[in-house]
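Have a look at this one before I ask anything.
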Amino acid sequence: QVVNDGTPDYEKKLETSMFLRSSSMGKFGSKLDLSFISTNFNHKTTGKETGIRTHGEVNFNKKLGHLWPIDISRLSTDTKLSLSHYALDNKTNETRMVGGFDIDLSFPFNSETTLFGSETTNQIVPMISYDYTSKQKQASIPIFDTSDGIDGYLEYKTLLSGERYKGIDRFVNENDITLSLESIYKDNLGENNELKFKLAQRYYGDDEVVSDTENIDFETRTKYSDIAASVELSINDFETYAKLQYDPKNFSLVKHRIGFNYKPHPRKFISLTHKDDGIDSNLLISGAYPLNNKIHIFGGIDKSLTSGKMNEETTGIAYESCCWAVRLAHFKTSDDVGYDYGTSLELVFKELGTTDTYVRDKIEKRLPEYRVNLD
């Protein structure tokens, strides 16, 4: 429920989805995924575009092995084809077909070494990738539940995948080459002890990219992305990391995140993150704690260190039994005139589903480390 001066979101009246995977085992196996999802979207605002979005997708992945007789390279391919149809209530229906393929060539090197006195295995993986996705005009297609991933912080995995948009209302065009490097140190005695270094940059073959701005098909971009770099250290239940976004054109660090997590259990954790996007500096604190084997509480805050204003507050409690579970969450969100408040209830029947996936998604978006599957 939206109260005060909040802006309504799209609602899912009914959603049906199916997924099928067929895979062959082995070092050089293959995988075929078939998916289908149909969603009926509604909106409380009169005049908003509503209707049914039906989307089908075929994805085939194949590991081809080495290019040379010795094991110094690995090649894998990924082919995808998707078809979307929008049966709209107050606008002409829309249909979109998008296809593409990815080729990844990696050169893994393994060695035995020591790190801080412990025996470790070090794997270094340089990789070059080529991604192609057809270029389609999509400005006439409404945006129901899709967000722009590059509005936030650039991720190593985002550069490798090329998936700018989170959702299926927009598909980004690709004709790109990505260079990446990953180095992983694993403790031979401690299974959960790892040290990871990651580095990646993407070079764009087209200076236009599909836009999510209303009535605009494409927007311009530079020939290359910022550089994403990160270091992550995991020791048993502790994890600390630093993620950096570097602008090679202006030789400057534009964004960074530094975090610490202690997570012995999904229902018992504490997380601290400092984020700086070059304009605003934020502190995020979240956690969960089990009161007993059936009840746990969770919560988090997002505070601007630049203005001193509290951006978001989230608190909640969950109860679980053998056959059902319930989760109650309270949200406080800053807006232009003050704060918007909302309280939501999610009822889950084990092995059947939930009454409100929106509540679960909203909690997980605000508390990234909170991944409690009540199903």
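Below, all heavy atoms of this structure are taken into account, side chains as well, without hydrogens, waters or symmetry copies.
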(message) Apply side-chain contact (heavy atoms from CB on, under 4.5 Å) to residues Asp145 and Arg53 and explain how you reach the verdict.
(response) CA-CA 11 Å; Asp145 60 353; Arg53 181 188 66 198; 2.8 Å; yes
(request) Could you tell me the separation between the CG atom of Asp276 and the OG1 atom of Thr306, rounded to the nearest 0.5 Å? (result)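 It comes to 7.0 Å.
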(message) Test your reading of the model: is there a side-chain donor-acceptor pair from Gln138 to the backbone of Gln136, 3.5 Å cut-off?
(response)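 Yes: the side chain of Gln138 pairs with the backbone of Gln136.
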(message) Counting C-beta onward and ignoring hydrogens, is there a side-chain heavy-atom pair between Arg267 and Arg371 closer than 4.5 Å?
(response)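 In short, these two side chains do not touch, never coming nearer than 4.5 Å.
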(message) Would you say that more than 12 heavy atoms from the other residues, nucleotides or ligands in this model lie under 6.0 Å from the NZ of Lys303, or not?
(response)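 Incorrect, the count does not exceed 12.
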(request) Give a yes or no on whether a salt bridge exists between Lys166 and Asp148, defined as a side-chain N under 4.0 angstrom from a carboxylate O. (result)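 Salt bridge absent between Lys166 and Asp148.
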(request) State plainly whether one hydrophobic cluster holds both Ile258 and Tyr262, where clusters connect Ile, Leu, Val, Met, Phe, Trp and Tyr through side-chain heavy atoms under 4.5 angstrom apart. (result)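 Different clusters.
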(request) Give the intermediate values and the outcome of side-chain contact (heavy atoms from CB on, under 4.5 Å) for residues Ile52 and Ser38. (result) CA-CA 7 Å; Ile52 299 175; Ser38 181; 3.5 Å; yes
(message) If you define the side chain from C-beta out and look only at heavy atoms, does anything of Phe331 sit under 4.5 Å from Glu313?
(response)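 SC-SC contact between Phe331 and Glu313 ruled out.
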(message) So, taking the atom named NZ in Lys255 and the one named CD1 in Ile279, what distance separates them when rounded to the nearest 0.5 Å?
(response)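 That separation rounds to 8.0 Å.
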(message) Under 3.5 Å, is there a donor on one side chain and an acceptor on the other for Tyr204 and Thr178?
(response)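 No donor-acceptor contact under 3.5 Å links the two side chains.
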(request) Answer yes or no: is there an ion pair linking Asp206 with Lys135, defined by an N-O contact shorter than 4.0 Å? (result)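 Salt bridge present between Asp206 and Lys135.
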(request) For the residue pair Ser140 and Glu94, confirm or rule out a side-chain donor-acceptor distance under 3.5 Å. (result)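 The answer is yes; a qualifying pair exists.
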(message) Would you say Thr315 and His330 are linked by a side-chain donor-acceptor pair, where the criterion is simply a distance under 3.5 Å?
(response)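 The criterion, which ignores hydrogens and geometry beyond distance, is not satisfied for Thr315 and His330.
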(message) Can a side-chain donor-acceptor contact be found between Glu219 and Ser211 if the only test is distance below 3.5 angstrom?
(response)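 On atom types as modelled, these side chains qualify, holding a pair under 3.5 Å.
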(request) Just say parallel, tilted or perpendicular for the rings of Phe197 and Tyr185, cut-offs at 30° and 60°. (result)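 Ring orientation, 0 to 90° scale: perpendicular.
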(message) Under the criterion salt bridge (charged side-chain N to carboxylate O under 4.0 Å, His left out), I'd like the reasoning laid out for Lys80 against Glu174: C-alpha separation, chi angles, the key distance, then a yes or no.
(response) CA-CA 13 Å; Lys80 52 194 173 185; Glu174 297 177 297; 3.8 Å; yes
(message) Looking only at the side chains, is there a donor atom on one of Ser334 and Lys309 sitting less than 3.5 Å from an acceptor on the other?
(response)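 Looking only at side-chain atoms, Lys309 and Ser334 do form a donor-acceptor pair, the distance falling under 3.5 Å.
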(request) Give a yes or no on whether Lys294 atom NZ has more than 12 heavy-atom contacts from other residues, nucleotides or ligands under 6.0 Å away. (result)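 Not buried by this count: 12 neighbours or fewer within 6.0 Å.
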(message) Using 0.5 Å steps for rounding, measure from the CG atom of Leu105 to the OG1 atom of Thr77.
(response)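 Here the rounded value is 12.0 Å.
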(request) Indicate whether any N or O donor in one side chain lies under 3.5 Å from an N or O acceptor in the other, for Ser271 and Asn261. (result)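 Per modelled atom types, Ser271 and Asn261 side chains form a pair under 3.5 Å.
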(message) Could you check whether Glu112 pairs with Lys186 (Lys NZ or Arg NE/NH1/NH2 to Asp/Glu carboxylate O, under 4.0 Å)?
(response)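 No.
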(message) Is it the case that the side chains of Thr50 and Asp89 hold a donor-acceptor pair, with the cut-off being a distance below 3.5 Å and no angle test?
(response)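 Side-chain D/A pair, Asp89 to Thr50: present.
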(request) Establish whether Ile184 and Leu181 are linked, either directly or via other cluster members, by ILVMFWY side-chain heavy-atom contacts under 4.5 Å. (result)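 No, Ile184 does not connect to Leu181 through the hydrophobic network.
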(message) If the threshold is 4.0 Å, N to carboxylate O, is there a salt bridge linking Glu312 and Lys362?
(response)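 Salt bridge flag = no for Lys362 with Glu312.
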(message) Can you tell me which residue among Asp169, Thr54, Thr92 is in a side chain to side chain donor-acceptor pair (under 3.5 Å) with Tyr86?
(response)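 Answer after filtering Asp169, Thr54, Thr92: Asp169.
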(message) Salt bridge check, Asp33 against Arg21: does any charged N sit closer than 4.0 Å to a carboxylate O?
(response)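 Yes, charged N to carboxylate O under 4.0 Å.
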(request) Determine whether the side chains of Ser304 and Asp280 contain a donor N or O and an acceptor N or O closer than 3.5 Å. (result)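 There is such a pair (donor and acceptor under 3.5 Å, judged by atom type) between the side chains of Ser304 and Asp280.
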(message) Check Arg327 with Glu346, please: is the shortest side-chain N to carboxylate O separation under 4.0 Å?
(response)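 So Glu346 pairs with Arg327 through a salt bridge.
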(message) A cation-pi test, strictly: NZ or CZ of Lys332 under 6.0 Å from the centre of the six-membered ring of Tyr339 and no more than 45 degrees from its axis. Yes or no?
(response)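 Judged by the rule, Lys332 and Tyr339 form a cation-pi pair.
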(request) Output yes when Lys198 and Glu155 qualify as a salt bridge under the 4.0 Å nitrogen-oxygen rule, no when they do not. (result)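 So Lys198 does not pair with Glu155 through a salt bridge.
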(request) Could you tell me whether the side chain of Asp102 and the main chain of Asp78 form a donor-acceptor pair under 3.5 Å? (result)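 Checking the backbone N and O of Asp78 against the side chain of Asp102, no donor-acceptor pair under 3.5 Å is found.
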(request) Flag this pair as yes if the NZ/CZ of Lys243 is under 6.0 angstrom from the six-membered ring centre of Tyr241 and inside a 45 degree cone about the axis; otherwise no. (result)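 Lys243 over Tyr241 ring: yes.
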(request) Please determine if Lys263 and Asp237 form a salt bridge, counting it only when a charged side-chain N lies under 4.0 Å from a carboxylate O. (result)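 Looking at Asp237 together with Lys263, the answer is no, because their closest N to O distance does not fall below 4.0 Å.
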(request) Using distance alone, with no hydrogens and no angle criterion, decide if Ser147 and Arg170 have a side-chain donor and acceptor under 3.5 Å apart. (result)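 No, no side-chain donor-acceptor contact under 3.5 Å.
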(request) Taking the side chain as every heavy atom from C-beta outward, state whether Phe238 and Thr240 have any atom pair closer than 4.5 Å. (result)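 Phe238 vs Thr240: side chains apart.
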(request) Spell out, as yes or no, whether a donor-acceptor pair under 3.5 Å connects the side chain of Asn193 to the backbone of Asn236. (result)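 Yes, because the side chain of Asn193 sits within donor-acceptor range (under 3.5 Å) of the backbone of Asn236.
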(request) On the 0 to 90° scale, with breaks at 30° and 60°, tag the Phe171-His55 ring pair as parallel, tilted or perpendicular. (result)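 Aromatic pair Phe171/His55 classed parallel.
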(request) Enter the distance from Tyr156:OH to Glu232:CD here, rounded to the nearest 0.5 Å. (result)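 It comes to 10.0 Å.
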(request) Evaluate the side-chain contact (heavy atoms from CB on, under 4.5 Å) criterion for residues Val209 and Phe218: first the C-alpha distance (whole Å), next the side-chain angles of each, then the deciding distance (0.1 Å), finally the verdict. (result) CA-CA 5 Å; Val209 62; Phe218 305 106; over 6 Å; no
(request) Indicate if Phe41 and Leu88 have the same hydrophobic cluster label, given that clusters are the connected sets of ILVMFWY residues with side-chain heavy-atom separations under 4.5 angstrom. (result)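 As far as the 4.5 Å side-chain criterion goes, Leu88 and Phe41 are connected within one cluster.
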(request) Could you tell me whether the side chain of Arg202 and the main chain of Asp176 form a donor-acceptor pair under 3.5 Å? (result)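 Here the side-chain-to-backbone pair does not exist.
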(request) Hey, could you give me the CD1/CG distance between Ile103 and Leu75, rounded to the nearest 0.5 Å? (result)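 Atom-to-atom, Ile103:CD1 and Leu75:CG are 7.0 Å apart.
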(request) Calculate, to the nearest 0.5 Å, the distance between atoms CD1 and CD1 belonging to Ile37 and Ile168 respectively. (result)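 So the CD1 of Ile37 and the CD1 of Ile168 are separated by 5.5 Å.
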(request) Using side-chain contact (heavy atoms from CB on, under 4.5 Å) as the criterion, point out the one residue from Leu283, Asn282, Leu367 that pairs with Asp302. (result)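 Single side-chain contact (heavy atoms from CB on, under 4.5 Å) partner of Asp302 among Leu283, Asn282, Leu367: Asn282.
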(request) If the plane angle is over 60° it's perpendicular, under 30° parallel, otherwise tilted; pick one for His43 and Tyr10. (result)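 Aromatic pair His43/Tyr10 classed perpendicular.
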(request) For side-chain contact (heavy atoms from CB on, under 4.5 Å), just list the numbers for Leu328 and Tyr319, CA-CA rounded to whole Å, side-chain angles, deciding distance to a tenth of an Å, and then say yes or no. (result) CA-CA 9 Å; Leu328 181 69; Tyr319 172 83; over 6 Å; no
(request) Measure from the side-chain N and O atoms of Thr213 to the backbone N and O of Ile216, and report whether any donor-acceptor pair falls under 3.5 Å. (result)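 The answer is no, because no donor-acceptor pair under 3.5 Å joins these two groups.
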(message) In the structure I gave you, are the side-chain heavy atoms of Leu159 and Leu154 within less than 4.5 Å of one another anywhere?
(response)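 Leu159 vs Leu154: side chains touch.
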(message) Checking Thr113 against Thr120: is there a side-chain donor and acceptor pair closer than 3.5 Å?
(response)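 No pair is found: no donor N or O on one side chain lies under 3.5 Å from an acceptor on the other.
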(message) Would you say Asn122 and Asn110 are linked by a side-chain donor-acceptor pair, where the criterion is simply a distance under 3.5 Å?
(response)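 No donor-acceptor contact under 3.5 Å links the two side chains.
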